[in-house]
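Below: the structure, in structure tokens.
Atoms considered below: every heavy atom in the structure, side chains included; atoms not considered: hydrogens, waters and symmetry mates. We name chains A, B, ... by the order of the sequence lines, and we start the count at 1 in each one.
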Protein chains: 2
Amino acid sequence: MSQSTRPSDRRVTITDVAKAANVSAATVSLALNGSLRISEATRQRVERCALSLRYQPNHAAASLRKQTTQTIALAVPDIGNPVYIEIARTVQQVARQRGYHLHLISTESQPSEEAHALGTLAHRSVDGLILISLRGASGLDSALRDVAGPVVIIGHLRDIVCDNVTVDSAAGAALAARHLWSVGCSQLAFINGAAGTWPSAERWRGVQNALLAANRTIPPALRVQEDFTLDGGYRAAQRLMTQGVHFDGLVCANDLMAIGAMRSLREHGVHLPEDMAVIGMDDIRECQVTTPPLSSVSLMAGERGRLAAQLLFDRLSGGEDGPPRQLTVSPVLMARGSTAPRQEPEAGVDA
Amino acid sequence: MSQSTRPSDRRVTITDVAKAANVSAATVSLALNGSLRISEATRQRVERCALSLRYQPNHAAASLRKQTTQTIALAVPDIGNPVYIEIARTVQQVARQRGYHLHLISTESQPSEEAHALGTLAHRSVDGLILISLRGASGLDSALRDVAGPVVIIGHLRDIVCDNVTVDSAAGAALAARHLWSVGCSQLAFINGAAGTWPSAERWRGVQNALLAANRTIPPALRVQEDFTLDGGYRAAQRLMTQGVHFDGLVCANDLMAIGAMRSLREHGVHLPEDMAVIGMDDIRECQVTTPPLSSVSLMAGERGRLAAQLLFDRLSGGEDGPPRQLTVSPVLMARGSTAPRQEPEAGVDA
DNA sequence: TTGAAAGCGTTACCAC
DNA sequence: GTGGTAACGCTTTCAA
């Protein structure tokens, strides 16, 4: 079976196949791309030749000629962050399903790297780009004008217009607060993430809305702000407990902080969830393995990825017309053990 | 400042810049690519023109001509798996640092998709490929012969020869067992993952080695096998506890199973880590948020990615000569609360 | 149904 | 130093 026929050194090109099949290069191209205007006989002959020569069309050449790369790019702020990975996963799924490749770019949240990502689009390395931007995609205004294809931004748009997918994280924060009340909490505390960021502003806004609507308050002593990390949550909870103000429900601006806070609470002898209900946001995997499992508000990362990809492919296939479209997905409550409904204290048995 | 100068519809090419700068296309190319044989004056002129025209070199054209894409591909079995993400992260780092782009392909462990990944290399979409293969890269033998560039495989090579990076997970399992003895365990149990897979075979082999060397045994009743999931671990632990054979240390073939097992143990009133030490493998993020934090054996995913990338770029830049190289990294113990050293029962105070 | 030829936008090898 | 010119490998008219 060693019908190798290897052309020694050189790559095998379309003309090699053409010669072997006794047709022109044009015919080979047509035949291999399934054109209907080729006789069944030649098609088969060509296919056999291509196979036995192990012909592989050169992608760069085809791209150059067709002016399309069959590739989209996804630029994420940090490839280590599971939330972005979740987005990447669904984007990859849609892309593959459409026969596209995926270029992954990690920007580390640096504007220079975001510009670089747009560069790949400008260079026509890719046909379209999905960009996840934290800082509200501000400096990209001009860069967006130079690119040679559609762009979809996931995250908050500061002042530019562009196809975009966001999640209503204010609504998510409100959802979290209301959930705590619904399981019987009477006084909430709130741990927010790094000041000055869009997510932290939004989440506080959401909590405020909920407070207003429920005619309740969170005194300043029960509002603390740290960065969005495990340690941040730990420190924040410690500070809350030194305030001397009683609270029995804790809303955290993300899960990492919530987990850190739970650790601190437990160290101070607070029983979860009996003494205190805790809820986070993001619904990361870790929620399922804490004790008790952490309730959270899913920000629908996967769904956002799917929608963004859809938006992008709409532009790619349907023609580029139409005004920018903004999609907003709604967060979803994931109730778990950390917010188990309160027992009425009538029949409580303390082990 | 609106020096737009936009050539209406058409993309701006190198000849546009050439005309604007009153030089030839060749000169533009040389100037922009930093050739030394261009006068400083022309270089600056060309650069200004390129900038003001917003010229972006076409990547496909350059690739076609240069026969290189400045892109490598990484094919992972499952983009949802944090272990592979960790690999992806370091590969991406090395790639960027070398000025290369990263193509990410998720194969879902399907041989057809692995072949597809190799296809991107054959099509010269990419210059090189790192392939993470679970099933020991068996059917790829012939496909590997057709590709147009270097391939590095992360994982076990069944019978093919190829640059490759593996981790000695047998050593890792032995490490886990020895660690449990060192913290005072006298009888171990072992929860293994899905039968018939390479990792499960290796890890059991490692435990056996350790047992042999320590002159100890794990009776069959204390060896169970489930799939590598949280639920698998949960079920496995349940089965262990119905055996009626006492054990005080539990080695799990991965962290997910260990976490599931911990949950089951706790539900049965077993105190961790006082009554039972538990250790997993992989060192996933979740280890840090369980109660107690789960000890684990890191399989050095990031390091493997880094090494694989290094191997690949050695081929890419240094010339393709040299026989296949096989690298094996050593696992590292990550001791945490779940394997806290045993208190001697003399001064124990039960709260 | 098939073939010839003209690009796609670069880079590289020559002359000048 | 700089400018022609010929590839790179493919697709796509347009004729035959």
Legend entry - DNA chain C: 5'-most and 3'-most nucleotides touching chain A, 4.0 angstrom heavy-atom criterion: C:dT1 to C:dG9

Inset, instruction - State whether A:D16 and A:R11 are salt-bridged, where the test is any N-O pair (Lys NZ or Arg NE/NH1/NH2 against Asp/Glu carboxylate O) under 4.0 Å. - result: no

Legend entry - Note, A:I130 side chain near A:V91 side chain (heavy atom, < 4.5 Å): yes

Inset, instruction - Could you encode protein contacts along nucleotides 8-16 of chain D as a string, one character per nucleotide from 5' to 3', using B for base contact, S for sugar-phosphate-only contact and - for no contact, with a heavy-atom cut-off of under 4.0 Å? - result: BBBBB-B--

Inset, instruction - Check whether any side-chain heavy atom of B:R124 sits under 4.5 Å from a side-chain heavy atom of A:H59, and report yes or no. - result: no

Inset, instruction - Indicate the ring-plane relationship of A:H101 and B:H116, choosing parallel, tilted or perpendicular according to the 30° and 60° boundaries. - result: parallel

Legend entry - Salt-bridge contact A:R304-A:E86 (side-chain N to carboxylate O under 4.0 Å): no

Legend entry - Backbone of A:Q110 reached by a side-chain donor or acceptor of A:T107 within 3.5 Å: no

Legend entry - Heavy-atom donor-acceptor pair, B:D78 side chain to B:E108 backbone, under 3.5 Å: no

Inset, instruction - Tell me what A:T42 touches on the nucleic acid: a base, only sugar-phosphate, or nothing, going by heavy atoms under 4.0 Å. - result: sugar-phosphate

Inset, instruction - Please check if the side chain of B:S24 supplies one atom and the backbone of B:T27 the other of a donor-acceptor pair under 3.5 Å. - result: yes

